[in-house]
Amino acid sequence: MNNNFKKVLMCLLGVGIYISAVTFPSKIYADTIQKKISRNNNDSFTLPSSQGLKGIHNVSYDHYSLMIDGKRIFLYSGEFDYWRLPSQSGWMDVLEKMKAAGFNAVTIYFNWGFHSPKQGKYDFSGIRDVDKLLTMAQKIGLYVVARPGPYINAETDGGGYPGWLTTQQGRARTASQDYTAAYEQWLSAIDPIIEKHQITNGGSVILYQVENEYTGGDALYMQNIRDKARKDGINVPTFHNDKSGPKGRWSSGTGAPDMYAYDSYPGLAAIPSYYGDPRKFAPNSPVFLAELGGGWFDPWGGKSYAILSKNYNANYENVLYNHVVSEGATMMSIYMTYGGTNWGYLPFPGVYSSYDYTAAISESRQLGSKYNEEKLLATMYRTLTPLTKTDPLTTIEAPSNPNLLANAIENSDTKTQFYILRHSNGSSISNDNTTLKIQSADGIYILPQEPGTSININGQESKFIVANFQLGSEHLVYSTSNLYTYVTQGNRDTAIFYGGQESDGETVLRYKNQPKVTVLCGNVKSRYDSVSGDLRLNYKHDGSISRVMIKDDNKELMLLFTTDITAQTFWCEDTSIGEILVRGPYLVRSASIRDRNKLELQGDTDKASDIEVFAPTSVNEIKWNGEKVKALQTSYLSYTFSLLSPEQVLIPVITNWKYSYETNEAQSEFDDSSWISANKTTTNNPVKPLTPTVLYADDYGFHHGVVWFRGHFKASGKETGIILDGEGGTNGAYAVWINGFYLGASLSGIKNFTFPKNVLKTSDDNVISVMVQNMGHDEDGGCKDTHKSPRGLVQASLQGDTTSIFWSIQGNKGGETLIDPVRGAMNAGGLYGENNGWTLPNFPDKPWKQVTLPDNGKQRGVAPGVSWYRTTFKLNFPKMSDVPLALYIKDNNTKNYRAYIYVNGWLIGQYINSLGPQNLFSLPSGVLDPNGKNTIAIAVWALDNNSTGLGEIILQKLGNYSGGVPVKMNDNPSYKDVFNKN
Ligand code: IPT
């Protein structure tokens with residue numbers, strides 16, 4: 001073992017460990033509890049605790065911050081939209097992970113279309129049970145920022161509007177009569193649920209958003225949503241989300257909600273300096289980012305989230321968020337914090353099934369570097385309570401290095417100062433050293449004082465320098481390290497400071513009398529100046545943890561200096577006896593105290609892990625996930641124990657595929673007599689059809705997935721072809737047959753299809769079959785009714801003669817009256833297989849043909865159109881494990897086919913082989929049974945002769961964690977249940 005490594009190890013484990021299964025006299029630190037409730041700095045406090053939120057509270061705000069019961073909070077929220085995770089246990093997992101990272105709130109869009117298959121019908125059951133979701137958030141201890149629209153945007157079908165709303169005459173997002181009646185109906189359904197969960201009624205909802213990025217001019221519309229909310233009992237503050245930077249829309253006058261808020265997605269462009277601007281036109285609101293970019297979405301044919309995450313990375317977040325705070329923001333919500341999956345027909349045409357967004361918590365609920373970074377930031381913002389009441393500090397001198405920029409803010413009561421340093425070009429990755437002059441109540445200093453050292457900004461990062469701050473019982477003059485957090489246990493405070501690998505650190509504290517400084521571990525120089533009372537510590541940040549104990553009278557301060565990466569291995573958990581620190585595991589979900597001195601930790605591990613716990617010395621037993629551990633006490637006054645690596649799991653190879661062709665609708669003998677006659681001659685749609693009757697799917701109650709048209713005509717014999725305009729939205733496609741003969745396919749738009757010789761039956765019935773794929777409804781971001789862009793056929797004219805065609809239409813079985821309400825509107829498409837239960841568990845596929853994958857359809861003589869592949873596989877994962885799985889489609893992208901992937905009857909992904917980029921589909925547990933039989937059904941739509949068949953299908957393990965949230969399976973109706981077969 002080399003010496004350096006030995007040192008690191010010793011520093012991590014503590015020298016002179018004395019072994020004892022923890023049993024020592026239990027002292028009760030009652031005073032600790034009192035102290036925790038109000039951190040001694042100002043009047044802020046850190047509700048909600050991990051013990052959940054209880055009681056009735058009120059919400060107010062001023063120019064500086066939001067207040068709960070008059071106490072200021074820094075709102076660090078994250079967007080999590082439940083409808084992109086069809087699993088209640090998944091919700092629990094995501095919310096616990098947010099709480100564990102230090103988020104104190106969750107922001108939720110409520111999606112109207114997700115709950116309403118039909119006008120007047122609203123469903124809040126199962127995966128739509130938002131009452132349960134809000135109860136979960138409260139129990140976990142998260143405030144909720146509620147955003148029920150009615151319009152939400154969010155890259156989802158119609159921007160959150162239900163399909164049936166596209167048939168209205170009145171313009172959406174205005175005060176038009178029919179639209180008003182419709183959205184009031186939605187609010188009457190959702191508001192009472194939100195109302196009940198308001199913090200003012202004993203829940204945890206603290207804010208309510210009115211509309212979303214409304215750039216239309218209808219003030220009465222905006223006013224009415226707010227009035228309606230008030231009528232429905234919403235009494236927490238309302239706000240709006242102004243579009244793309246602080247433009248001041250709806251900050252005052254008719255239609256203005258209580259507070260002003262806006263969104264900002266600077267992306268990779270220069271970081272704007274507008275964050276404090278709302279103070280000019282909304283002087284009574286705190287600086288509130290209702291959405292602050294935590295990544296970005298990827299379109300069909302896009303780069304892929306793997307590539308995007310290289311740019312929207314942890315460093316990007318570090319620089320952007322600290323900058324936003326440096327301009328006075330005290331309320332922010334990171335969009336997205338968990339993006340999830342556009343399962344079913346949730347996406348608008350611009351996005352594919354994964355909505356990972358490069359968010360802190362990945363689509364498969366996994367944690368990586370962005371999560372870890374956000375944990376550092378969220379915890380710091382919460383720890384630095386004086387951040388909740390600051391004004392800009394305008395007297396600041398520029399840093400000595402001109403490549404760098406410093407912003408400063410100061411608390412107007414405590415005079416605590418925050419200097420935020422970064423490269424003036426936010427995405428610069430150069431290494432720069434500087435000094436910085438500061439002037440606080442403690443004096444004037446040039447940082448750092450230690451000769452030969454400097455403040456290092458290495459690469460894309462920022463420094464958050466705190467000065468004149470009450471750190472527990474002690475006074476921090478300043479530190480050039482970032483403060484992660486501190487905890488108070490009895491008469492001891494423990495604080496963690498960090499900086500980049502090998503960067504210089506200087507921390508100065510003030511003591512009346514020279515304290516006793518003991519460097520327990522690492523290389524830390526200390527010097528005391530008896531004139532100023534300054535105790536200055538100098539060190540370098542490295543991967544080991546330098547530990548310094550400072551004793552003064554009977555107070556102790558333990559300082560831990562380390563790197564950002566090592567700091568990220570710490571978890572800060574609130575318990576009834578104060579906050580504790582846990583270092584080492586992949587995740588600590590929660591900590592609690594039982595019987596006064598027994599510590600119970602809940603968490604996840606991804607490998608064998610050495611754990612260190614900083615807890616009050618009263619603790620005499622530690623349990624990890626319910627199991628007592630052998631804890632040792634270290635010479636650093638902490639406890640250590642080890643956890644084993646997760647059990648290995650076996651992932652089955654998927655075989656035994658069954659195959660069947662469908663596309664029955666294309667055959668001339670197909671009986672379409674039960675179909676709806678497409679005979680409407682008028683439509684409210686602003687786009688007027690070029691056909692004698694209306695051929696818009698939505699006008700006939702078919703809002704999602706594929707619709708089929710069959711057009712009958714008596715041929716004169718002169719017809720030479722047909723011009724069609726099939727509209728499924730961007731990236732949509734349609735396919736055409738005449739009398740069962742395949743004419744070809746086209747992307748959304750106009751195409752001329754020529755009839756080959758001898759397919760027409762003169763003076764007889766001929767049938768044109770058209771299959772149109774709906775990629776979802778457009779959003780209505782511009783308030784132009786664009787969600788009404790037609791889906792279906794806009795034009796259909798025979799060439800060569802003026803022969804009339806009589807059309808009928810078929811979409812998802814039952815239309816707005818769902819045959820499978822459990823899985824809901826977003827799971828209901830109109831393929832033959834979808835309408836006949838081929839997607840469902842236990843569908844009798846015995847008679848189907850056996851095939852192996854990859855399947856070369858052409859070799860087998862398969863015609864273009866739709867084929868299905870079905871199989872089952874079993875899983876049997878260990879108890880208390882979380883093994884995220886994904887389904888990988890492996891094929892070359894030259895083939896022109898599209899696929900719908902069903903798992904246990906849930907459409908978990910749409911695939912376009914020629915477009916990509918997605919070929920890995922996350923399988924949410926709850927949909928997937930980790931301990932049972934699972935059914936896969938894949939519909940493959942080949943758009944040409946050479947593209948039939950399917951590539952390889954591989955089940956992939958994305959991770960293996962011990963811990964997790966026990967999976968509660970969704971209601972999962974089988975073929976028999978849905979089709980009443982027995
Ligand atoms: C902002 C929307 O409010 C949100 O719903 C979502 O669409 C997000 O953008 C992008 O993912 S729109 C803003 C970027 C103009």
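Note that ligands are numbered from 1 as they come in the structure, with each ligand's atoms numbered from 1 the same way.
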- [ ] Report yes if some heavy atom in the side chain of Ile190 is under 4.5 Å from a heavy atom in the side chain of Trp112; otherwise report no.
- [x] no
Task: Note, Tyr321 side chain near Tyr381 side chain (heavy atom, < 4.5 Å) - done: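 Of all side-chain heavy-atom pairs linking Tyr381 with Tyr321, at least one is under 4.5 Å.
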- [ ] Flag this pair as yes if the NZ/CZ of Arg823 is under 6.0 angstrom from the six-membered ring centre of Trp906 and inside a 45 degree cone about the axis; otherwise no.
- [x] yes
Open item on the list: Students should find this: residues with any non-hydrogen atom under 4.0 Å from ligand 1. What is the answer?
Closed with: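 Correct list: Tyr109, Ile152, Asn153, Ala154, Glu155, Asn212, Glu213, Asn241, Lys243, Ser244, Asp263, Tyr265, Glu291, Trp296, Phe297, Tyr335, Tyr355, Tyr357.
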Open item on the list: Donor-acceptor check, side chain of Glu96 to backbone of Asp93, threshold 3.5 angstrom: yes or no?
Closed with: no
Task: Option passing ring pair (Phe, Tyr, Trp, His ring centres under 6.0 Å) with Phe80 (candidates Tyr335, Tyr357, Tyr355, Tyr338) - done: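 Answer to the ring pair (Phe, Tyr, Trp, His ring centres under 6.0 Å) test with Phe80 among Tyr335, Tyr357, Tyr355, Tyr338: Tyr338.
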Task: Parallel, tilted or perpendicular: rings of Tyr183 and Tyr179 (30°, 60°) - done: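 Because their plane-to-plane angle lies in the 30° to 60° range, the rings of Tyr179 and Tyr183 count as tilted.
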